[in-house]
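A short write-up of the structure that comes next.
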Amino acid sequence: MGPPHVQEVPAVTTTPQAVRRASTRRSTTPPDPARGLLPAAEPVRLLDPAGTPLPARADYPEPPTEALAELYRRMVIGRRFDVQATALTKQGRLAVYPSSRGQEACQVGAMLALRDTDWVFPTYRESMALVSRGLDPVEVLTLLRGDWHCGYDPAARRTAPQCTPLATQCVHAAGLAYGEAYQGRDTVALAFIGDGATSEGDFHEGINFAAVFKAPVVYFVQNNRYAISVPLSRQTAAPSLAYKGVGYGVASEQVDGNDPVAVLAVLNRAVAHARAGNGPFLVEAHTYRMEPHTNADDATRYRDGAEVDAWRDRDPIARLETYLRERGVLDEAVVAAVAAEAEEYAADLRARMNAQPTVDPLSLFDHVYAEPTPQLVEQREQVRAELAAAEQEGDA
Ligand SMILES: Cc1ncc(C[n+]2csc(CCOP(=O)(O)OP(=O)(O)O)c2C)c(N)n1
Ligand SMILES: [Mg+2]
């Protein structure tokens, strides 16, 4: 998680050849003809809950060791970030924080499967994913602090603002991905979405458009079993949320979302499928939200402690750590060094979040329209005059 850097955006190449290339690219990973578009009956799993490797699979090869070591490092830092952000709500430094504790394999695995030139369409739950992508954590938390709409530059970071209106990002991702392919670039867009939000119209409209126009989108459903207090059983009667892709002609798969190795393997394939010109791919990750919906929610009112404890035993970080220690990739010294790095990361975040932000009230009028309307110009002038008068009064 180095310093933020600005990703260079390649020049637009709208030649007829480029358009033809985009529309005729062919798959390197066609869907299994025996299964068609159907997801496997069971979620893909490469490690058992204790971290013991399961038999290797030709369709989902294990990612390289270096990628797994990096996955571990970013998951540890991601969890520490998440704990720190929750603490900042209690100190009044953040208005609200939706934790993704327990979902680290999904949050970090998705980012590792993408290139810097790919686009991410996050929801409010994805702060951990964004810091794991290398975005500045203070910029990521700005929206949740409530003093600005979005703290980072979406175009420069190829990361859309975190979406609170459920599923709207599914439509944005389809449009962006279609536009990129149309211009001959092999960009992939990954849209995060929750289990509950797959009931929203925008999810269906977005995935249908992407399927019909072969837009390179990965729809990544984090099924964390709840939409605030509504359990999955009240959300769908389908055997799996992955079936929602099949109806639109989209290859779909289920994965154990607490198995970091499997999450990265499945997303690697999904991204390759989309990048090769086969259209969208839907991945449903079975995972669990360990914390309440946000700090403003009391989860004990709708789920019992035994359920939460059962998921604690499937902790994704412990699972990967056990496996990598067993393989000799991690030892005591590396684990301690990663933990120390995570502490440093949290201390830096604390210090910077504790500095009182100064926001120019007039900036409220910026970025609403490319060209401000006459009404906005008038209102801006009114606020400016009032602020100047107040300042004069203060001086007197
Ligand atoms: C269009 C819309 N309707 C309702 C809400 C209120 N709301 C916020 S989060 C949420 C639950 C979403 O659950 P899920 O999609 O499973 O995502 P999770 O929070 O579990 O990550 C609801 C209903 C909203 N933000 N937007
Ligand atoms: Mg959910």
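We count ligands from 1, going down the list as the structure has it; atoms in each ligand are counted the same way.
Looking only at heavy atoms of the protein, atom 24 (C) of ligand 1 is closest to Leu166 CG, 3.5 Å. Protein heavy atom nearest atom 17 (O) of ligand 1, with residue, atom name and distance: Tyr124 OH, 3.2 Å. In terms of protein heavy-atom proximity, atom 15 (O) of ligand 1 is closest to Ala197 N, 2.8 Å.
Under the side chain to side chain donor-acceptor pair (under 3.5 Å) test applied with Thr198, the options Lys244, His204, Glu284 reduce to a single match, Lys244.
At distances below 3.5 Å, at least one donor-acceptor pair connects side-chain atoms of Asp259 with backbone N or O atoms of Leu47.
Rounding to 10 degrees, one finds that the Mg ion (ligand 2) sits at the corner of an angle of 110° between Asp195 OD1 and Tyr226 O.
Counting the atoms of ligand 1 from 1 in the order shown, those under 4.0 Å from a heavy atom of Pro165 are 26 (N). Close contacts between ligand 1 and Gly196 involve ligand atoms 14 (P), 15 (O), 16 (O) [criterion: under 4.0 Å to a heavy atom]. Within ligand 1, counting atoms from 1 as listed, the ones closer than 4.0 Å to a heavy atom of Tyr226 are 16 (O), 20 (O).
Residue Asn224 touches ligand 1 through its side chain alone, judged by heavy-atom distances below 4.0 Å.
A cation-pi arrangement, defined by a distance under 6.0 Å to the six-membered ring centre and an angle within 45 degrees of its axis, is absent between Arg314 and Tyr288.
For atom 22 (C) of ligand 1, the protein comes within 4.0 Å by at least one heavy atom.
Arg289 does not count as a contact of ligand 1, since none of its heavy atoms falls under 4.0 Å from the ligand.
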